[in-house]
Amino acid sequence: ISQRGSFWGYNVFERYVYRRANIIYYRNNLCRDTLLERGCPPNKLHGPMPNGVSTRTFYSADSEAVEQFWANHPSAIDRSEDLCVGFAGRIAYRKGIDLLLKLARKRPDVSVLLCGKVEEQDYLKRIEAEGNMTYLGHLNSQELVRFYTACDILALPSIPTKTWEEQFGRVLTEAIA
């Protein structure tokens, strides 16, 4: 569901899709309510449809793979002292990384590792300058498996905006797998 292409709250493309589709699946009740508000016929809605994740792609890495992860990122944290809190996702203000870093600054024994695609380069520069975190870049799925296993905690904060709200944090199911 996008606010783009909206003319006074009326999205022409969405209305066309609503008319043409036989079935529209939604992921959660917030999404269902938004679809209804935007003109989707209730009889076409089915769900909620749970999110899934491939356990062939995401699984708990063995200790050798985790050691390889740390070897690839030697300056990330002091592993003998620090609690490693990870964040995987788009690097953007609305993802709530500021909240995570604010909490981590209250605990000197906590280090934050971030990975993901940078959407807001200026934002990344600002939070890197504040310290208390290491940005690892965008990781492929094999590296993500190692990252998830290496972290003591995976956090997924987010900040709802007028046009966006976290629907489902897929990285949490990936990490649990």
Side-chain angles (χ1 to χ4, degrees), residues 1-6 11 13-14 17 25-28 30-31 34-35 48-62 65-79 82-105 110-177:
I1 300 172
S2 173
Q3 296 293 335
R4 295 182 201 136
S6 181
N11 187 305
F13 178 72
E14 281 184 27
V17 170
Y25 291 98
Y26 59 90
R27 290 189 175 182
N28 57 44
L30 176 63
C31 187
T34 302
L35 287 165
M49 175 182 269
N51 288 305
V53 65
S54 170
T55 54
R56 284 187 223 149
T57 305
F58 295 100
Y59 50 88
S60 184
D62 60 33
V66 172
E67 287 306 315
Q68 183 62 46
F69 171 83
W70 289 121
N72 292 343
H73 306 284
S75 63
I77 67 167
D78 180 355
R79 292 175 38 219
D82 291 354
L83 179 70
C84 177
V85 178
F87 170 89
R90 294 183 310 277
I91 308 301
Y93 173 78
R94 71 176 181 262
K95 296 302 281 186
I97 300 167
D98 280 319
L99 299 172
L100 177 59
L101 295 176
K102 181 179 177 182
L103 289 171
R105 279 192 287 276
V110 171
S111 288
V112 178
L113 296 181
L114 307 177
C115 67
K117 180 182 172 190
V118 178
E119 284 190 358
E120 299 170 12
Q121 192 65 44
D122 291 342
Y123 177 70
L124 176 61
K125 287 179 185 175
R126 182 177 62 78
I127 61 175
E128 281 182 318
E130 292 174 6
N132 200 34
M133 59 75 80
T134 302
Y135 174 63
L136 303 176
H138 185 267
L139 304 180
N140 64 35
S141 59
Q142 186 178 20
E143 278 290 297
L144 269 176
V145 167
R146 295 172 180 165
F147 172 78
Y148 292 147
T149 307
C151 292
D152 297 308
I153 298 170
L154 184 72
L156 189 66
S158 67
I159 300 172
T161 68
K162 185 177 181 180
T163 59
W164 179 84
E165 186 170 339
E166 188 81 55
Q167 294 294 306
F168 184 84
R170 189 182 72 235
V171 298
L172 297 175
T173 57
E174 290 172 356
I176 292 170

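- Considering every non-hydrogen atom in both Val53 and Ala177, the closest pair reads CG1-CB, 4.1 Å.
- Of all heavy-atom pairs spanning Pro160 and Ser158, the tightest one is CD-O, 3.8 Å.
- More than 12 heavy atoms of other residues, nucleotides or ligands sit less than 6.0 Å from atom CD of Glu130.
- To the nearest 0.5 Å, the span separating CD on Gln68 from NE2 on His73 amounts to 9.5 Å.
- More than 12 heavy atoms of other residues, nucleotides or ligands lie within 6.0 Å of CZ in Arg105, so this atom counts as buried by the packing criterion.
- In this structure Tyr25 satisfies the side chain to side chain contact (heavy atoms under 4.5 Å, CB included) test together with Ile23, His46, Met49, sequence neighbours excluded.
- A salt bridge links Glu143 and Arg146; the closest N-O separation between the charged side-chain nitrogens and carboxylate oxygens is under 4.0 Å.
- Residues passing the side-chain hydrogen bond (donor to acceptor under 3.5 Å, both in side chains) test with Arg170, sequence neighbours excluded: Glu174.
- Evaluation of the side-chain hydrogen bond (donor to acceptor under 3.5 Å, both in side chains) rule for Asp98 yields Tyr123, Arg126 as partners, not counting sequence neighbours.
- Here the CE-OG distance, from Met133 to Ser111, works out to 11.0 Å after rounding to the nearest 0.5 Å.
- In terms of heavy atoms, Thr149 sits closest to Ala61 at OG1-N, 3.0 Å.
- Proximity of Val110 to Ile153: side-chain heavy atoms (C-beta onward) are nowhere separated by under 4.5 Å.
- Atom-to-atom distance recorded for Leu144:CG and Leu136:CG is 10.0 Å, nearest 0.5 angstrom.
- In this structure, Asp62 has no salt bridge (Lys or Arg N to Asp or Glu O under 4.0 Å) partners at least two apart in sequence or on a different chain.
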* To do: Might you work through the side chain to side chain contact (heavy atoms under 4.5 Å, CB included) test for Leu154 and Phe147, ending with a clear yes or no?
  => CA-CA 10 Å; Leu154 184 72; Phe147 172 78; 4.1 Å; yes
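- Contact of the Val118 side chain with the Tyr135 side chain is registered, since non-hydrogen atoms from C-beta on lie closer than 4.5 Å.
- Summarising the geometry of Pro157 relative to Ala155, their closest heavy-atom pair is CD-C, 3.6 Å, with the distance given to 0.1 Å.
- Under the 3.5 Å distance criterion, the side-chain polar atoms of Tyr148 are left unmatched by any main-chain donor or acceptor of Leu172.
- Annotation: the span from Leu30 atom CG to Leu35 atom CG amounts to 9.5 Å, rounded to 0.5 Å.
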* **Full working for side chain to side chain contact (heavy atoms under 4.5 Å, CB included) between Leu114 and Ile97** => CA-CA 9 Å; Leu114 307 177; Ile97 300 167; 3.9 Å; yes
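- Taking the salt bridge (Lys or Arg N to Asp or Glu O under 4.0 Å) definition, one finds that Glu67 meets it with Arg79, sequence neighbours left out.
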Enumerate donor-acceptor pairs with a distance under 3.5 Å from any side-chain N or O in residues 83-94 to protein atoms, sequence neighbours excluded.
residue : atom : partner : partner atom : Å
Arg90   : NE   : Glu119  : OE2          : 2.9
Arg94   : NH2  : Glu119  : OE1          : 3.1

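- Smallest separation of non-hydrogen atoms from Leu139 and Phe69: CD1-CE1, 4.5 Å.
- A distance of 9.5 Å separates CD of Glu120 from CD1 of Ile127, quoted to the nearest 0.5 Å.
- Rounding to the nearest 0.5 angstrom, the gap separating the OH atom in Tyr26 from the OG1 atom in Thr34 is 12.0 Å.
- Among all heavy-atom pairs drawn from Gly169 and Leu156, the shortest one is CA-CD2, 3.3 Å.
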